[in-house]
Amino acid sequence: MESMEIPVLDFNVYELGKADVSAANLEKLSKELRRAFTEVGFVYLKNTGINQEEVENVMRVSKKFFCLPEDMKKPFSRGSFSCNLNHGWVSVENESLNPRRPGDLKEAYNITSLTADNWPSEGVEDFRDAQVSFFLRCKELSLRVLRLMALGLGLDSEVFISAHKHIGSDVSATTLRSLYYPPVNSTCVKDNQLRCGEHSDYGSMTLLFQSPESGLQVLNRAGEFISAPSIPGTVLINIADLMQRWTSDVYVSAVHRVLLPPAGDASTRQSLAFFVHPDDEAIISCCDGSDKYPPIKSLDYLLSRFNDSYVQKQNVV
């Protein structure tokens with residue numbers, strides 16, 4: 001991988017729905033994943049079983065919500081759901097993923113609770129069904145990747161999965177986040193403002209599906225930002241912070257950002273990010289037995305990171 005470009009791996013042997021995968025195939029795939037995560041930090045997977053039509057359907061439904069008038073979105077604001085403080089709608093400039101920059105030029109809808117009692121329906125009748133069904137597909141793929149990540153380290157295949165037993169319940173912070181980047185008026189942008197500031201993700205790993213519009217850049221191991229374009233039919237996966245602690249820096253959490261479009265480009269951008277988190281009560285300690293990082297409870301780490309992103313915006317946590 002001398003070019004440090006993001007590799008594309010074929011997941012066909014372990015795609016969703018396939019059982020009875022040979023140990024040899026699992027081992028080969030786990031080694032390829034390990035190489036990608038240790039040398040670049042990101043990987044595209046193709047032939048996962050999640051197809052482009054599924055992705056486009058969720059984006060279509062999400063965009064219908066984002067295009068509603070603000071007063072129809074406000075009742076679903078993040079922080080107003082008793083089941084989970086992270087669930088719900090985040091308005092433009094409400095979040096700074098790089099706290100040293102102005103608010104990000106994006107809005108989002110977080111699906112953290114599948115049992116929330118209030119879902120958008122007026123004008124977006126299929127919103128709940130599309131989001132929940134896609135969440136569950138991403139969950140299934142995530143568990144397969146977590147198994148391979150453990151095998152790639154020579155660990156028991158269930159070591160990571162056993163701390164992700166509650167994905168989709170109210171004791172897991174795992175979140176399907178639909179992101180919408182509205183058109184940018186380059187004459188009104190604040191100094192240093194981006195569509196999404198530089199950050200690393202907080203949990204175990206992230207699955208990302210993108211619309212064709214460019215803008216995502218990832219920081220490679222050489223310290224250079226490289227483009228991470230949309231490749232139809234693939235999912236882009238990156239390591240997140242808790243997994244870096246867990247593996248004593250073998251798998252390193254990758255920094256990324258979304259740039260502004262070129263001046264005069266009025267296109268929107270969409271993505272779907274599935275943030276995989278260990279269960280709230282899981283204690284994350286170095287799996288090699290070292291004390292490189294002190295043990296930390298998954299939820300405690302997450303709340304400290306939310307505080308950085310939102311502390312000047314709203315008192316949610």
Side-chain angles (χ1 to χ4, degrees), residues 1-55 133-168 174 176 201 203-210 218 220-221 228-240 242-244 246-254 272-279 287-288:
M1 270 179 232
E2 289 171 8
S3 69
M4 298 298 281
E5 292 300 307
I6 302 171
V8 180
L9 293 187
D10 193 336
F11 206 71
N12 171 262
V13 297
Y14 202 28
E15 73 176 83
L16 297 186
K18 279 198 175 168
D20 304 321
V21 186
S22 75
N25 279 337
L26 284 179
E27 185 177 354
K28 179 173 182 289
L29 198 49
S30 73
K31 283 181 175 166
E32 291 172 337
L33 262 186
R34 174 181 172 139
R35 186 171 179 218
F37 285 143
T38 53
E39 294 186 10
V40 185
F42 278 78
V43 67
Y44 291 99
L45 298 184
K46 65 180 182 179
N47 299 320
T48 61
I50 295 178
N51 63 49
Q52 192 61 23
E53 290 73 25
E54 289 178 79
V55 173
S133 135
F134 194 70
F135 184 111
L136 294 173
R137 296 278 284 158
C138 289
K139 171 186 175 178
E140 203 181 335
L141 179 57
S142 301
L143 295 177
R144 292 188 173 220
V145 175
L146 285 169
R147 181 173 282 116
L148 291 168
M149 285 166 62
L151 290 172
L153 294 172
L155 300 171
D156 181 277
S157 64
E158 304 301 298
V159 73
F160 297 138
I161 290 178
S162 62
H164 293 82
K165 288 195 176 108
H166 300 297
I167 291 177
T174 295
L176 172 61
D201 296 335
S204 304
M205 65 177 179
T206 303
L207 279 54
L208 184 74
F209 305 85
Q210 305 181 74
V218 306
N220 68 17
R221 291 288 183 269
S230 168
I231 302 178
T234 67
V235 52
L236 180 61
I237 300 184
N238 65 273
I239 298 298
L242 282 175
M243 184 59 72
Q244 176 168 338
W246 216 340
T247 62
S248 304
D249 299 335
V250 176
Y251 294 149
V252 178
S253 186
L272 303 170
F274 190 69
F275 297 107
V276 181
H277 287 270
D279 301 331
C287 58
D288 63 359

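The first residue of the sequence shown is numbered 1, and numbering continues consecutively from there.
For N238, the side-chain hydrogen bond (donor to acceptor under 3.5 Å, both in side chains) criterion is met by D201, not counting sequence neighbours. With sequence neighbours left out, D249 forms a side-chain hydrogen bond (donor to acceptor under 3.5 Å, both in side chains) with Q244, K292, Y293. H164 pairs by the side-chain hydrogen bond (donor to acceptor under 3.5 Å, both in side chains) definition with S204, not counting sequence neighbours. In this view, K31 and E27 satisfy the side-chain contact (heavy atoms from CB on, under 4.5 Å) rule, not counting sequence neighbours. Annotation: side-chain hydrogen bond (donor to acceptor under 3.5 Å, both in side chains) contacts of T48 (sequence neighbours excluded): none. By the side-chain contact (heavy atoms from CB on, under 4.5 Å) test, T38 is found to be paired with R34, V250, Y251, residues two or more places apart in sequence or in another chain being considered.
Taking every heavy atom of both residues into account, G49 and E54 meet most closely at O-OE2, 3.6 Å. Scanning both residues, A254 and G41, for their nearest heavy atoms gives CB-O, 3.9 Å. I161 approaches S157 most closely through the heavy-atom pair CD1-O, 4.2 Å. Closest of all the heavy-atom pairs between P7 and A36 is CG-CB, 3.6 Å.
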_Steps toward side chain to side chain contact (heavy atoms under 4.5 Å, CB included) verdict (V13, K28)_ = CA-CA 10 Å; V13 297; K28 179 173 182 289; over 6 Å; no

*List the steps, then state whether side chain to side chain contact (heavy atoms under 4.5 Å, CB included) holds for F209 with Q52.*
CA-CA 9 Å; F209 305 85; Q52 192 61 23; over 6 Å; no

*Under the side chain to side chain contact (heavy atoms under 4.5 Å, CB included) criterion, do V8 and I231 qualify, and how do the steps go?*
CA-CA 9 Å; V8 180; I231 302 178; 4.1 Å; yes

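The shortest side-chain heavy-atom distance between L33 and V43 falls under the 4.5 Å cut-off. Counting heavy atoms from C-beta on, the side chains of F275 and M205 never come closer than 4.5 Å. With contacts defined as side-chain heavy-atom distances shorter than 4.5 Å, the pair H277/I167 does not qualify. L272 has its side chain within reach of V55: a pair of non-hydrogen atoms, C-beta onward, lies under 4.5 Å apart. L29 places none of its side-chain heavy atoms less than 4.5 Å from the side chain of V21. Looking at heavy atoms from C-beta onward, N220 lies out of side-chain contact with F42 at the 4.5 angstrom threshold. Using a 4.5 Å cut-off on side-chain heavy atoms (C-beta onward), T174 and F135 make contact. Here the side chains of V218 and I6 are in contact, with some heavy-atom distance below 4.5 Å.
A donor-acceptor pair under 3.5 Å links the side-chain atoms of D279 to the main chain of K165, judged by distance alone. For T206 (side chain) and F274 (main-chain N/O), no donor-acceptor pair under 3.5 Å exists by modelled atom type. The closest donor-acceptor contact from the side chain of K46 to the backbone of L9 lies at 3.5 Å or more, if one exists at all. No donor-acceptor pair under 3.5 Å is formed between the side chain of E140 and the backbone N or O of R137.
In this structure, the separation between CD1 on I50 and OG1 on T234 is 11.0 Å, given to the nearest 0.5 Å. Rounded to the nearest 0.5 angstrom, L155 CG and T247 OG1 are separated by 9.5 Å.
Remark: aromatic rings of Y44 and F11 are distant, center separation not under 6.0 Å.
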Side-chain atoms of residues 141-153: list all donor-acceptor pairs with protein atoms under 3.5 Å, sequence neighbours left out, distances to 0.1 Å.
residue, atom, partner, partner atom, Å
S142, OG, C138, O, 2.7
R144, NH1, Y14, O, 2.8
R144, NH1, E15, O, 2.9
R144, NH1, K18, O, 3.0
R144, NH2, K18, O, 3.0
R147, NE, E158, OE2, 3.1
R147, NH1, Y14, OH, 2.9
R147, NH2, E158, OE2, 3.2

